[in-house]
K.L.:
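This structure is in structure tokens; I'll ask about it shortly.
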Amino acid sequence: MKNITYSFQLLCTLLCMLYSSGISTAQKRPNIVFILTDDQGWGDLGINGNVNVRTPHIDQLARDGAMFSRFYVSPLCAPTRAGLLTGRYHYRTGVWGVSNSREFMNLDEVTFADLFKKAGYATGCFGKWHNGSQYPYHPNGRGFDEFYGMLSGHYANYFNTVVDHNGDAVRSKGYIADDLTDKAMEFMEKNRQKPFVCYIPYNTPHSPFQVPDAYYNRVKARGIRQFSHNKAEEDPEVTVTALAMCENIDDNVGRIMKKLQDLKIAENTIVIYMTDNGPNSWRWNGDMKGRKGTADEGGVRVPFIIRWPGIIPKGKVVNGNAAYIDLLPTLTDLAGIPVNGTKTLDGISLKPILIGKVEAVPERLLFLSINNHHSVRKGNFLFLNNALYDLSKDSTQQNNVAGQYPELAAGLSTALDKWYKESFQGMDTVRSMPVGYPQFPKTILPSQDATLHPSPTGKLSYSSSAPNSSWITNWDDTESYVSWNVDIHTAGQYKVNVFYTSPQSGIGDAFEAELNGKKISGKITEAFDPELIPSPDRVKRQAESYEKVFKKLYVGNWALEKGTGELKLAITELKGTRFADIRAIELVLVR
């Protein structure tokens with residue numbers, strides 16, 4: 001009886017202590033800090049054997065937690081992001097590319113942010129989203145309370161650039177990765193008294209190759225001693241700059257870890273570090289074949305590190321094939337969050353492996369694909385392009401062993417074809433931009449989501465080969481036009497703005513927007529032709545546009561009906577030889 005009384009008194013004392021300190025049961029759930037980098041290869045870390053780069057904070061993170069020997073992602077970034085958010089292969093989520101609305105994730109998909117938010121977590125995303133720009137594709141419509149960063153893929157400038165903050169355009173401060181880290185740490189501090197998910201998808205070391213001097217200078221001074229197996233195609237300046245960008249990321253990882261320590265929440269925070277695809281240039285990557293955009297090892301094998309003190313053993317190395325589709329089931333399982341409402345998951349929970357209940361990731365088929373690049377992995381075997389490789393003996397894919405294992409090769413070929421047909425079946429290749437949600441009344445229709453319709457002799461084009469961050473230019477005749485597929489959610493009055501630049505010769509040019517028979521017209525009445533913003537590139541850019549400021553032109557109010565249609569923008573009068581450059585149309589629901 002005395003023991004029962006003593007136990008009851010002890011329990012009461014503990015409950016009182018918890019109550020008085022303001023800590024609830026819900027707050028004991030682990031926080032999640034999920035760091036994702038852009039175009040950083042498996043070989044861009046010191047812990048993986050790269051002598052050209054210094055990444056002490058990431059290396060320490062790996063020593064303090066678990067590291068996966070073979071972790072796989074999609075060959076390109078937006079598909080990887082869709083898969084890790086949903087736990088499903090990206091084709092099933094509607095994502096099959098990186099621009100022109102191919103990156104838009106189906107609205108009936110459930111993200112890990114949706115699940116954690118429903119469970120009472122604060123949710124924030126700070127960085128490159130790249131799974132749809134307009135609400136409810138916007139991160140604020142996909143479970144994130146707060147968003148600060150880039151909605152689309154490529155960005156023109158990494159210093160003091162324009163980003164999105166919960167639907168509003170704002171200018172970032174300083175170098176982009178540093179600024180994203182600042183905002184993420186502010187979010188952590190603001191929500192330190194309750195559980196939170198802080199997703200930090202950095203947009204570096206994706207091109208354009210820009211980095212503060214201190215990082216570039218120290219990597220340049222050390223020099224490059226390890227090279228890609230395709231050394232003849234390696235650009236030393238790209239390698240130096242990309243690795244300098246990786247060292248900047250490493251410093252920011254160090255800042256995040258220190259912040260967690262300062263807030264006294266590091267012990268109850270799961271920290272994940274991974275990258276979204278293989279490297280964006282030829283540089284040392286463990287001599288693996290391929291790079292970003294391919295389904296070979298070099299294009300899809302990436303580092304994956306996870307730390308949770310006291311739960312995940314230090315220095316653990318996980319064997320077997322894991323993948324981006326495993327993130328949602330793993331995070332929810334570790335945190336005890338139900339997955340009710342999700343579609344059928346393709347990924348599995350890695351919790352049993354991480355906490356030592358099983359030795360390795362269960363063997364299964366893993367499919368990785370984008371465009372015409374497809375591969376399937378089973379255990380140590382990789383099948384692609386009708387070739388079979390045993391990665392346990394041939395990590396660089398030198399020897400096709402399909403002849404030695406004909407039944408295995410044939411079976412994997414059949415499985416890959418079947419998976420691709422089933423996954424891609426019913427893909428919505430024409431995506432309408434949602435417009436007019438009262439809770440998110442402003443909708444931007446940017447140039448990268450437009451379809452260009454040049455006349456037979458017209459030169460209408462994007463300002464660069466990569467649509468993201470570009471603008472519509474070279475519009476030299478009245479027969480050419482541009483269009484956006486839109487879905488008007490709410491009938492009503494919409495304020496119409498056009499973002500443009502135009503030289504003096506363009507004053508008087510007239511244009512017209514039309515949707516389902518309703519028209520609104522406008523005219524360029526003021527020249528605005530700024531210089532391009534100076535860009536501190538270390539390497540001449542190949543795809544991205546440079547940055548310039550666009551002027552907002554109020555066109556008028558437009559009465560629109562609910563429903564879908566093609567919004568056309570056309571020139572009705574051209575005074576000079578070329579129409580204005582167009583960055584976007586803005587539609588704002590006013591009533």
Side-chain angles (χ1 to χ4, degrees), residues 100-101 133-135 137-138 167-169 430-455 458 460 462 470-503 505-529 549-576 578-591:
N100 301 112
S101 79
S133 301
Q134 297 81 14
Y135 185 90
Y137 292 107
H138 187 282
D168 293 324
V430 178
R431 194 61 60 89
S432 294
M433 309 294 108
V435 176
Y437 282 75
Q439 64 269 46
F440 216 86
K442 183 193 301 180
T443 302
I444 298 290
L445 303 178
S447 59
Q448 71 256 21
D449 291 333
T451 301
L452 308 188
H453 305 269
S455 70
L460 178 68
Y462 290 118
S470 67
W471 54 85
I472 297 164
T473 190
N474 298 320
W475 200 341
D476 60 351
D477 63 18
T478 56
E479 287 75 38
S480 301
Y481 70 97
V482 300
S483 67
W484 291 263
N485 292 306
V486 299
D487 183 357
I488 306 299
H489 181 266
T490 305
Q493 289 286 326
Y494 287 82
K495 184 165 65 174
V496 181
N497 298 307
V498 171
F499 291 84
Y500 80 98
T501 65
S502 176
S505 60
I507 293 179
D509 287 352
F511 58 90
E512 180 179 80
E514 179 181 0
L515 175 62
N516 294 333
K518 299 206 169 188
K519 300 179 180 180
I520 189 170
S521 59
K523 184 174 288 190
I524 305 296
T525 60
E526 182 180 352
F528 184 74
D529 194 21
V549 176
F550 287 82
K551 188 175 184 63
K552 181 190 287 190
L553 170 65
Y554 171 63
V555 180
N557 280 18
W558 200 9
L560 296 176
E561 299 297 326
K562 180 181 174 66
T564 60
E566 184 183 40
L567 193 159
K568 296 182 180 180
L569 182 65
I571 304 170
T572 55
E573 188 173 1
L574 186 63
K575 298 288 187 181
R578 201 176 82 175
F579 187 59
D581 287 347
I582 302 296
R583 181 67 185 92
I585 291 179
E586 181 182 69
L587 300 174
V588 184
L589 177 64
V590 290
R591 70 174 187 272

K.L.:
To check you understand the geometry: which heavy-atom pair defines the closest contact between Thr501 and Val549, and what is its length?
P.N.:
CG2-O, 3.4 Å
K.L.:
Quick check: closest heavy atoms across Ala570 and Trp475, and the distance to 0.1 Å?
P.N.:
CA-CZ2, 4.1 Å
K.L.:
What class does the angle between the rings of Phe440 and His138 fall in, given that below 30° is parallel, 30 to 60° is tilted and above 60° is perpendicular?
P.N.:
tilted
K.L.:
Begin with the C-alpha distance, continue with both residues' side-chain angles, and end with the deciding distance and a verdict on side chain to side chain contact (heavy atoms under 4.5 Å, CB included) for Ile571 and Asp509.
P.N.:
CA-CA 8 Å; Ile571 304 170; Asp509 287 352; 5.7 Å; no
K.L.:
So, for Ser101 and Arg431, which heavy atoms are closest and what is the spacing to 0.1 Å?
P.N.:
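For Ser101 versus Arg431, the nearest heavy atoms are OG-CB, 3.6 Å.
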K.L.:
Between side-chain atoms of residues 581-591 and protein atoms elsewhere (two or more places apart, or another chain), which donor-acceptor pairs fall under 3.5 Å?
P.N.:
residue : atom : partner : partner atom : Å
Asp581  : OD1  : Thr473  : OG1          : 2.7
Asp581  : OD2  : Trp471  : NE1          : 3.4
Asp581  : OD2  : Lys548  : NZ           : 2.8
Arg583  : NH1  : Ser447  : OG           : 3.1
Arg583  : NH1  : Gln448  : OE1          : 3.3
Arg583  : NH1  : Ser470  : O            : 3.2
Glu586  : OE1  : Asn497  : ND2          : 2.7
Glu586  : OE1  : Lys552  : NZ           : 3.4

K.L.:
When rounded to the nearest 0.5 angstrom, what is the spacing between CG in Leu445 and CZ in Phe499?
P.N.:
11.0 Å
K.L.:
If you compare all heavy atoms of Arg578 against all heavy atoms of Asn474, which two are closest, and at what distance to 0.1 Å?
P.N.:
NH1-OD1, 3.3 Å
K.L.:
Where is the tightest heavy-atom contact between Gly506 and Ser502, given as atom of each residue plus distance?
P.N.:
CA-OG, 3.5 Å
K.L.:
Give every residue pair that meets the salt bridge (charged side-chain N to carboxylate O under 4.0 Å, His left out) criterion with at least one member in residues 434-451, sequence neighbours excluded.
P.N.:
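Found Asp168-Lys442.
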K.L.:
Say whether, by atom type as modelled, one donor and one acceptor occur between the side chain of Thr490 and the main chain of Tyr437 under 3.5 angstrom.
P.N.:
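No.
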K.L.:
Taking only residues two or more places apart in sequence or in another chain, which ones pass side-chain contact (heavy atoms from CB on, under 4.5 Å) with Asp529?
P.N.:
Pro503
K.L.:
With sequence neighbours left out, write down each residue that passes side chain to side chain donor-acceptor pair (under 3.5 Å) with Tyr462, or none if nothing qualifies.
P.N.:
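Side chain to side chain donor-acceptor pair (under 3.5 Å) list for Tyr462, sorted by chain: Asn100.
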K.L.:
Checking side chain to side chain contact (heavy atoms under 4.5 Å, CB included) for the pair Ile488/Leu515: CA distance, chi angles, key distance, verdict?
P.N.:
CA-CA 10 Å; Ile488 306 299; Leu515 175 62; 3.9 Å; yes
K.L.:
Can you tell me how far apart CG (Leu574) and CD (Glu479) are? Round to the nearest 0.5 Å.
P.N.:
10.0 Å
K.L.:
Give me each pair satisfying ring pair (Phe, Tyr, Trp, His ring centres under 6.0 Å) with a member in residues 505-528, each pair once, sequence neighbours excluded.
P.N.:
none
K.L.:
Ala527: what forms a side-chain contact (heavy atoms from CB on, under 4.5 Å) with it, not counting sequence neighbours?
P.N.:
Gln504, Ile507
K.L.:
Identify, with sequence neighbours excluded, every residue that meets side chain to side chain donor-acceptor pair (under 3.5 Å) alongside Lys575.
P.N.:
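Expected list: Glu573.
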K.L.:
Which residues pass the side chain to side chain donor-acceptor pair (under 3.5 Å) test with Asp476, not counting sequence neighbours?
P.N.:
none
K.L.:
Just jot down the side chain to side chain donor-acceptor pair (under 3.5 Å) partners of Asp487, sequence neighbours excluded, or say none.
P.N.:
none
K.L.:
Return the minimal non-hydrogen interatomic distance between Ser455 and Ser480, and the atom names on each side.
P.N.:
N-OG, 2.8 Å
K.L.:
With a 4.5 Å cut-off on side-chain heavy atoms, are Pro446 and Gln134 touching?
P.N.:
yes
K.L.:
Side-chain contact test, heavy atoms from C-beta onward, threshold under 4.5 Å: evaluate it for Phe579 versus Leu460 and give yes or no.
P.N.:
no
K.L.:
Taking side-chain contact (heavy atoms from CB on, under 4.5 Å) as the test, write out the residues that go with Thr572, two or more places apart.
P.N.:
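Once residues adjacent in sequence are excluded, the partners of Thr572 under the side-chain contact (heavy atoms from CB on, under 4.5 Å) criterion are Ala510, Glu512.
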K.L.:
Return all side-chain donor-acceptor pairs below 3.5 angstrom for residues 555-568, not counting sequence neighbours, or 'none' if the list is empty.
P.N.:
residue : atom : partner : partner atom : Å
Asn557  : OD1  : Tyr554  : OH           : 2.8
Glu561  : OE2  : Lys518  : NZ           : 3.4
Lys562  : NZ   : His489  : O            : 3.0
Glu566  : OE2  : Ser483  : OG           : 3.1

